[in-house]
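What follows is a single structure, written as structure tokens, with notes after it.
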Amino acid sequence: MKDCFKFLKNRGFFQQSTDEEALARKLDNENVTFYVGYDPTNVSLHLGHLVPIMASAFLQRMGHKPIALVGGGTAMIGDPSGRTSARPILTVDEIDSNSMLIKEQLERFITLDGEKGLFINNGDWLRNINYIEFLRDIGKHFSVNRMLSFETYKEKYKNHGLSFLEFNYVLLQSYDFLRLYKEHNCTLQVGGDDQWANMVSGVELIRRITGSNSNVECLTLPLILTSDGKKMGKTQNGALFLSKEITSVYDFYQYWINVTDSDVIRFLKLYTFIDDSEIEKLSQLKGEELIEAKRVLAFEVTKIVHSESDAIEAREAANAAFGSGDNIDLIPTFSIDRSRIEAGISILDLFVESGLVESKSEVRRLIKQNAIKINEDKISNENLIVDSSFITESGIILRSGKKKVKRIAF
RNA sequence: GGGAAGAUUGCCGAGUGGUUAAAGGCGACAGACUGUAAAUCUGUUGACAUACGUCUACGGGGGUUCAAAUCCCUCUCUUCCCA
């Protein structure tokens, strides 16, 4: 616990906070109960959630107690932070089902056994709130003028229009913090930097209601951009999800292998539990040696998010797909009826069915661009019929471009 | 309650009767170069079709016209101004 704050800051888990000295003192000397909020607006968490999750995991390892607060109540409104359009409003059933899925995912990182960590749904109190009481007890502490000065609201207000529904988000999030403070002695909120205004409002609300010695703080984490300025976790298929049903382990692993050189060390610090000293060693690598650091990064992150055996498999598959390895069986596969190959199938249909390419037109285009390969042979004939003569002992290997590969298994 | 402007292909954004699958930018994809990196250069970027070409698309619905993203009516939504 000693030097806890310094450690966090050094690993990159610090953007801004309320009283920094007080926060450092608190984290270094007390067992702090803190909370991070998650929106159950999707069936899976994605890469953007990983920084707060890792922060929670590190804090828990250092003796602090995390509360994972799922926004089963707030999700029914939609948070305007950093968005130009409000989130879609989901049904209660969808929200509840998402919440349970999120809990399962979080438990890979943090213990939520009710003792060392808690999982709480703000729907428990928000859904039954009494409007008049809420206005009287909570609403009176908020100034519209002040709220309109918040960056997230200001932007929306000026350029897109801000609905009353969304405008209330800050009150509800502040109220969450108040509840957690009162019921669980939660004195720290951690979240992405886009949540700053909401979090500070919570701190202020608690101080107004309980007095200035309440000792509550908040801490924001940086929103991670890649060093070429792009948002993290964008792949050709959209966002990178933590669920292997949505983003395959193979794709997940590959994402980290393909990270930009200048991001590797930063990401090792943020997204793995590897010791500082070990990271220091890896940071000595230069040029093409960096692939080693990327392998460590990809392996470790995959191990944490999925499992060690998944990580090993993904690594083997990568070796098979990109040269050295011989474990071709591990390349992502898809199956197709053998009889259809024997009857002969158009290369256009085959690539579309494999999921490597979106449409036949695109396959045609890729063939013209020399990007399509079968069993490592470049294909230039878009009328090619693939039949049993293409079947090898390891099936048929399809490639689209340098990085996308699938194996047909029978 | 009254008035005005707007909704275009993944995003931004041009286009105001035919030459428009729709400029330009971004993003994305491919090739070259490399290290499964970045940068750079080149090309591609609605679908179907070997091809001629066909179909779908400019918020929804209806209409005018030989011909509509472009004109008219109507509905929905958004923004702005007045009260």
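As the structure is a computational prediction, the values presented were derived from the model and not from experiment. Chain A is the first sequence line, chain B the second, and so forth, proteins listed ahead of strands; every chain is numbered from 1.
Atom CZ of Arg365(A) and atom C1' of rC29(B) are 9 Å apart (whole Å). Protein atom NZ of Lys378(A) is 11 Å distant from nucleotide atom C1' of rA30(B), rounded to whole Å. Between the CD1 atom of Ile372(A) and the P atom of rC29(B) there is a distance of 14 Å, given to the nearest Å. What separates CZ of Phe267(A) from C1' of rA37(B) is a distance of 13 Å, to the nearest Å. A straight line from OH of Tyr250(A) to P of rU36(B) spans 13 Å, rounded to a whole angstrom. One atom, CG of Leu297(A), and another, P of rA37(B), lie 15 Å apart when rounded to the nearest Å. Between the CD atom of Glu288(A) and the P atom of rA38(B) there is a distance of 15 Å, rounded to whole Å. If you take CG of Leu348(A) and P of rU50(B), they are 8 Å apart, rounded to a whole angstrom.
Within 3.5 Å, a donor on the side chain of Gln254(A) pairs with an acceptor on the base of rU36(B), or the reverse. Gln369(A) contributes a side-chain N or O that forms a donor-acceptor pair with the base of rG43(B) under 3.5 Å.
On the P atoms, rC81(B) is 28 Å away from rU16(B), given to the nearest whole Å. Between rU9(B) and rA5(B), the two P atoms lie 22 Å apart (nearest whole Å). Between rC52(B) and rG18(B), the two P atoms lie 26 Å apart (nearest whole Å). Nucleotides rU54(B) and rA21(B) are separated by 13 Å at their C1' atoms, to the nearest Å. To the nearest whole angstrom, the two P atoms, one in rA14(B) and one in rG25(B), are 15 Å apart. Separation of the C1' atoms belonging to rG17(B) and rC80(B) is 30 Å when rounded to the nearest angstrom. Across the P atoms, rU45(B) and rG60(B) are found 25 Å apart, a figure rounded to whole Å. When the P atom is used for both rC41(B) and rC26(B), the distance is 11 Å, rounded to whole Å.
In terms of phosphate contacts, Ser359(A) brings a side-chain nitrogen or oxygen within less than 4.0 Å of OP1 or OP2 of rC48(B). Dashed line: the shortest gap from a side-chain N or O of Thr260(A) to OP1 or OP2 of rA37(B) is not under 4.0 Å. Phosphate proximity of rU36(B) to Lys294(A): absent, as no side-chain N or O sits under 4.0 Å from OP1 or OP2.
Counting non-hydrogen atoms under 4.0 angstrom, Ile291(A) reaches nothing in the nucleic acid. Among the heavy atoms of the strands lying under 4.0 Å from Arg364(A) is at least one base atom, whether or not backbone atoms are also near. Among the protein residues, Lys403(A) comes within range of the sugar-phosphate backbone only, with heavy atoms under 4.0 Å from sugar or phosphate atoms but none that close to a base. Here Glu289(A) lies out of heavy-atom contact (under 4.0 Å) with every strand. Residue contacts shown for Asn383(A) are limited to sugar-phosphate atoms, with no base heavy atom under 4.0 Å away.
Using the Watson-Crick or G-U wobble rule with both distances under 3.5 Å, rG10(B) pairs with rC26(B). Pairing partner, rC58(B): none, since no Watson-Crick or wobble contact has both distances short of 3.5 Å. When both pairing distances are held under 3.5 Å, rA38(B) makes no Watson-Crick or G-U pair with any nucleotide shown. Pairing for rA49(B) is absent, with no Watson-Crick or G-U wobble pair whose two atom distances lie under 3.5 Å. The partner of rC71(B) is rG63(B), by the rule that a Watson-Crick or G-U pair needs both atom distances under 3.5 Å. Across every strand in view, rA4(B) sits in a pair with rU79(B) that passes the Watson-Crick or G-U test at under 3.5 angstrom. The nucleotide rU16(B) finds no pairing partner, because no Watson-Crick or G-U wobble arrangement with both distances shorter than 3.5 Å includes it.
Closest to the Asn258(A) side chain, of the nucleotides rA30(B), rA37(B), rA47(B), is rA37(B). Of the candidates rC48(B), rA30(B), rU45(B), the closest approach to any side-chain atom of Lys360(A) belongs to rC48(B).
A donor-acceptor distance shorter than 3.5 angstrom exists from the side chain of Asn381(A) to the backbone of Asn383(A), with no hydrogens or angles considered. At distances below 3.5 Å, not a single donor-acceptor pair connects side-chain atoms of Ser17(A) with backbone N or O atoms of Leu219(A). Of the possible polar contacts, one joining the Thr220(A) side chain to the Gln16(A) backbone as a donor-acceptor pair under 3.5 Å is found. Within the 3.5 Å criterion, the main-chain N or O of Glu133(A) finds a donor-acceptor partner in the side chain of Asn130(A).
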Next on the checklist: Phe13(A) vs Phe7(A), test: ring-ring contact (aromatic ring centres under 6.0 Å, His included). Steps then yes/no.
Outcome noted: CA-CA 9 Å; Phe13(A) 295 102; Phe7(A) 175 83; 8.0 Å; no
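Between His49(A) and His46(A), the ring planes are tilted. Angles from 30° to 60° get that label.
Cation-pi geometry between Arg61(A) and Phe273(A) is satisfied (NZ or CZ under 6.0 Å from the ring centre, within 45° of the ring normal).
In terms of position on RNA chain B, the residue among Lys368(A) and Ser361(A) whose nearest nucleotide sits closer to the 5' end is Ser361(A). Heavy-atom nearest nucleotides on RNA chain B were determined for Ala371(A) and for Lys402(A), and the one closer to the 5' end corresponds to Ala371(A).
A side-chain N or O of Ser389(A) and one of Asp387(A) form a donor-acceptor pair less than 3.5 Å apart.
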